[in-house]
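Each chain gets a letter, A, B and so on, in the order the sequences are listed, and its residues count up from 1. Note that the coordinates shown come from a computational prediction; the quantities given were computed from them, not determined experimentally.
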Amino acid sequence: NAGVTQTPKFQVLKTGQSMTLQCAQDMNHEYMSWYRQDPGMGLRLIHYSVGAGITDQGEVPNGYNVSRSTTEDFPLRLLSAAPSQTSVYFCASSDRESGGYTFGSGTRLTVV
Amino acid sequence: DAKTTQPPSMDCAEGRAANLPCNHSTISGNEYVYWYRQIHSQGPQYIIHGLKNNETNEMASLIITEDRKSSTLILPHATLRDTAVYYCIVRNSGGSNYKLTFGKGTLLTVNP
């Protein structure tokens with residue numbers, strides 16, 4: 001099992017560009033989430049999904065879109081990148097029961 | 001979800017037990033206590049969780065007080081690789097259990 005796979009690991013964008021951060025899990029987990037982590041801060045929830053076709057906003061959703069067409073994939077789209085979106089992004093998945101979330105290794109994004 | 005309070009930092013000598021405290025005085029009956037850790041620049045790693053009984057796994061032990069208002073994560077024989085930020089999180093077991101709310105955690109430094 002690969003667990004949670006995030007691509008790319010690093011990315012530099014220019015202000016105004018768009019891109020998609022990819023997240024895939026092979027554990028058949030129903031729950032998937034995207035977090036961002038800024039220096040010296042904890043993780044903040046961007047968007048989450050409780051199953052294919054179901055998504056909702058977290059704490060800091062502005063500037064990001066998500067979709068969940070399959071159980072395995074949960075891409076995060078930046079519509080028009082801004083320097084404030086420079087951060088480390090983590091994807092995570094969990095099953096419906098009260099098990100622990102499995103996190104990916106992160107995508108380090110810099111917007112210049 | 002109930003809020004948690006953790007000390008910002010702690011030190012521990014290599015080979016000794018590390019006892020990390022967490023207060024969650026507003027925890028409700030259907031909320032679990034979860035512990036995660038984040039080693040520098042990596043994704044968070046699930047450690048253990050519990051409802052009201054003490055729990056033990058290959059990584060750590062979790063001691064929850066009888067009134068459930070506080071808990072302690074115990075790493076029985078800390079190593080240098082256990083240096084990380086440790087997050088105590090209260091997670092609902094019911095309808096909103098897909099959300100994890102991270103605080104700032106405790107930076108545990110294991111010294112040689």
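Taking hydrophobic clusters as Ile, Leu, Val, Met, Phe, Trp and Tyr residues chained together by side-chain heavy-atom distances below 4.5 Å, A:Val4 does not share a cluster with A:Tyr89. In terms of hydrophobic clustering, with Ile, Leu, Val, Met, Phe, Trp and Tyr side chains grouped at heavy-atom distances under 4.5 Å, B:Ile47 and B:Ile63 are assigned to different clusters. Criterion: ILVMFWY side-chain heavy atoms under 4.5 Å apart, direct or through other members. Under it, B:Val110 and B:Met59 are part of a common hydrophobic cluster. A:Leu13 and A:Trp34 fall within the same hydrophobic cluster, where Ile, Leu, Val, Met, Phe, Trp and Tyr residues are linked whenever their side-chain heavy atoms come under 4.5 Å apart, directly or through other members. By the rule that hydrophobic residues join a cluster once side-chain heavy atoms approach within less than 4.5 Å of another member, B:Met10 and B:Leu80 end up as members of one cluster.
Two residues are said to be in side-chain contact when any heavy atoms from C-beta on lie closer than 4.5 Å; A:Leu43 and B:Pro44 meet this criterion. The shortest side-chain heavy-atom distance between B:Arg91 and A:Ser94 falls under the 4.5 Å cut-off.
In this structure, the ring of A:Tyr35 has its center less than 6.0 angstrom from the ring center of B:Phe102.
Residue A:Glu59: no heavy atom, backbone or side chain, is found under 4.5 Å from chain B. Heavy-atom distances place no part of A:Val88 under 4.5 Å from chain B, backbone and side chain included.
Scanning residues 63-79 of chain A against chain B with a 4.5 Å non-hydrogen threshold yields no residues. Identified by a heavy-atom distance below 4.5 Å to chain B, the contributing residues of residues 103-112 of chain A are A:Phe103, A:Gly104, A:Ser105, A:Arg108, in residue-number order.
A distance of 7.5 Å separates CG in A:Leu45 from OG1 in B:Thr101, rounded to the nearest 0.5 Å.
Using modelled atom types, one side-chain atom of B:Tyr36 and one backbone atom of A:Tyr101 make a donor-acceptor pair closer than 3.5 Å.
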